[in-house]
Protein chains: 2
Amino acid sequence: MTTQEMTHGTAGQATAGAGRPAGRPRSEKAEKAIIEATLDLIAEGMGVAELSIEAIASRAGVGKTTIYRRWSNKEDLVADSLATLKAPLPAVGGVSVRDDLITLLAAMQNEAGQERTRCLMNIAMSDADRYPRLMGRFVKVAVEPRRKAVRDVVQRGVDNGELRPDTDVEVALATLSGAMLWYTKWGNGELTDDLAERIVDQVLSGIAPL
Amino acid sequence: MTTQEMTHGTAGQATAGAGRPAGRPRSEKAEKAIIEATLDLIAEGMGVAELSIEAIASRAGVGKTTIYRRWSNKEDLVADSLATLKAPLPAVGGVSVRDDLITLLAAMQNEAGQERTRCLMNIAMSDADRYPRLMGRFVKVAVEPRRKAVRDVVQRGVDNGELRPDTDVEVALATLSGAMLWYTKWGNGELTDDLAERIVDQVLSGIAPL
DNA sequence: CCGATACGCAACGGTGTCGTTTCGAAAGCT
DNA sequence: AGCTTTCGAAACGACACCGTTGCGTATCGG
């Protein structure tokens with residue numbers, strides 16, 4: 001973690017032998033509650049800057065002390081919170097590149113419709129410059145897995161001949177994901193069911209004649 | 001404007017005849033300074049929520065009174081400020097669709113490298129949900145012109161046969177712009193000079209074989 | 001049981017912003 | 001001139017957080 005060991009770890013202190021903390025152990029439940037509250041508030045539209053320790057403590061049903069004992073600053077707390085996010089990715093069929101890409105993009109579109117995801121994405125976009133360390137964390141746990149899923153499908157297509165051998169995989173990735181991102185953010189309500197399909201088909205076929 | 005006429009306009013009051021304000025007129029300079037300060041602070045990374053009237057007043061060299069006299073709340077001030085933004089778009093050559101798209105995307109990439117644009121984009125992304133009225137404004141003055149520029153080029157290509165007649169213009173637009181957006185936000189430093197070219201060429205030719 | 005530590009809670013002094021008000025000094029009109 | 005309105009500046013009381021501290025209680029090891 002990041003600043004977990006302010007006084008000591010939770011069960012660490014390996015070598016010293018007699019080092020067992022000797023006292024009431026930290027409540028694992030409180031820790032969970034704090035992180036949950038943090039994510040909740042973020043998911044309600046709070047930017048990192050507006051997050052207040054008091055609000056988190058209150059929401060978590062916890063004393064501020066309990067928070068400060070574990071994290072010395074807000075950024076560390078948020079970083080650890082983001083790190084707990086699991087990314088449930090849709091499984092792809094593996095039959096055709098086209099189908100798999102549509103599946104992934106449709107999932108992306110669906111996620112973008114959820115409030116929680118929207119807010120997390122907002123943070124990713126807007127607080128990225130201000131809290132680079134924090135964003136590294138977020139990109140790693142939330143963005144990168146999705147990016148990898150798309151990249152793997154594209155790469156597979158290149159390898160097995162479903163796509164051109166000279167395909168620029170990174171650009172393809174940006175094109176597909178970026179198009180969906182663009183639509184979910186600024187596409188004026190035109191989020192139809194066949195959107196993923198339209199994007200994928202156009203990226204596959206191109207728009208130049210023949 | 002939005003709440004400009006709290007007590008009266010600046011020189012309005014048309015019909016009533018005797019209606020001339022009769023007193024010291026409002027300083028046009030102060031108004032400019034306030035708006036400039038607002039944009040400055042935003043451009044320095046402030047989210048809308050963190051913007052403080054005090055900071056704006058101080059930055060503008062103006063009393064808070066002068067601000068409150070004109071705008072009853074922060075959102076109106078920000079909305080009016082955003083409305084003053086001009087969008088200097090690159091002129092396209094009009095020779096070939098490919099060249100024009102590369103020009104537009106390269107300009108987009110270049111703009112995304114500037115701090116001011118980055119911050120404005122951040123606001124557009126993250127505060128969009130929280131301040132929908134405000135975003136309508138911003139989209140209209142900043143996003144839509146660029147979207148239109150790309151769309152016009154694509155549409156021209158469709159019309160004159162440089163692109164397939166059945167091209168989905170909106171998807172093409174999302175694909176091109178979205179790819180660049182994606183790269184500038186999360187492309188790990190791989191912002192090479194030929195990026196615009198690579199994106200455009202791939203969108204044109206597609207990635208399916210033949 | 002004892003010592004140690006963590007718990008939730010409430011309070012501390014300090015800071016920053018809020019929106020409003022008051023002030024003396026411009027700056028316009030008649 | 002006199003009147004009106006705005007100007008910048010400063011102060012107001014109110015509130016929200018900050019990070020810290022003390023309190024009484026709970027929960028561990030020895």
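Listed nucleotides dG8(C), dG19(D), dT17(C) differ in distance to Ile53(A); the shortest reach to its side chain belongs to dG19(D). Considering only the side chain of Arg24(B), dA26(C) comes nearest among dG28(C), dC18(D), dA26(C). Side-chain proximity of Thr65(B) to dA6(C), dA11(D), dT21(C): nearest is dT21(C).
Salt bridge Arg59(A)/Glu54(A): absent, no basic N to carboxylate O contact under 4.0 Å. In this structure, Arg147(A) does not pair ionically with Asp152(A), as no charged nitrogen and carboxylate oxygen lie closer than 4.0 Å.
In this structure, OH of Tyr68(A) is placed 15 Å from P of dG8(C), rounded to the nearest angstrom. Put simply, CD on Glu54(A) is 15 Å from P on dG8(C), counting in whole angstrom units. Spacing between atom NZ of Lys29(A) and atom P of dA26(D) amounts to 14 Å, rounded to whole angstrom units. One atom, NZ of Lys74(A), and another, C1' of dG19(D), lie 13 Å apart when rounded to the nearest Å. We find that CD of Glu28(A) is positioned 14 Å from P of dA6(C), with the value rounded to whole Å.
At dA6(C), one or more side-chain N or O atoms of Arg26(A) fall inside 4.0 Å of OP1 or OP2 (strictly under the cut-off). The side chain of Thr66(A) contributes no N or O atom lying less than 4.0 Å from OP1 or OP2 of dA6(C).
If you find the closest nucleotide of DNA chain D to Ser52(A) and to Val62(B), the one lying nearer the 5' end belongs to Val62(B). If Pro25(A) and Pro25(B) are placed on DNA chain D by their nearest nucleotide, the residue sitting closer to the 5' end is Pro25(B).
Asp193(B) CG: 12 or fewer foreign heavy atoms inside a 6.0 Å radius.
Residue Lys64(B) places a side-chain atom within donor-acceptor reach of the base of dG19(C), judged by atom type and a 3.5 Å distance cut-off alone.
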List the steps, then state whether side-chain contact (heavy atoms from CB on, under 4.5 Å) holds for Asp194(A) with Glu197(A).
-> CA-CA 5 Å; Asp194(A) 60 343; Glu197(A) 198 172 349; 4.2 Å; yes

